[in-house]
Amino acid sequence: MAVPSSQIDQLADRVERLLVRYEELQRTNALLSQQVESLTQERESLKSRLSAARARVDALLERLPTIRSAA
């Protein structure tokens with residue numbers, strides 16, 4: 001049973017479009033992976049800075065004199 005060449009051409013065109021789309025998705029995925037890595041590093045840096053700031057605030061709070069309620 002022979003398949004008409006027009007159907008083969010249509011199928012070939014569709015396969016070609018799918019391959020192009022696949023390559024586009026691979027590039028997009030690579031870019032998104034880079035963004036995730038960059039944002040993960042930025043988040044870790046911000047967490048570290050926050051922890052250091054909290055430690056400084058805690059140290060300052062310890063230096064404050066104790067306030068006693070007037071009784």
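All values reported here derive from a predicted model rather than from experimental measurement.
Counting heavy atoms from C-beta on, the side chains of Gln10 and Asp13 never come closer than 4.5 Å. By the 4.5 Å heavy-atom criterion applied to side chains, Gln7 and Pro4 are counted as neighbours. When side chains are defined from C-beta on, Gln34 does not count as touching Ser38, because their heavy atoms never get closer than 4.5 Å.
Taking hydrophobic clusters as Ile, Leu, Val, Met, Phe, Trp and Tyr residues chained together by side-chain heavy-atom distances below 4.5 Å, Leu50 does not share a cluster with Val57.
Between the side chain of Thr28 and the backbone N or O of Glu24 there is at least one donor-acceptor pair closer than 3.5 Å. Although no hydrogens or angles enter the test, the distance criterion places a donor-acceptor pair under 3.5 Å between the side chain of Thr40 and the main chain of Val36.
To the nearest 0.5 Å, atoms CZ (Arg17) and CZ (Arg14) are separated by 7.5 Å.
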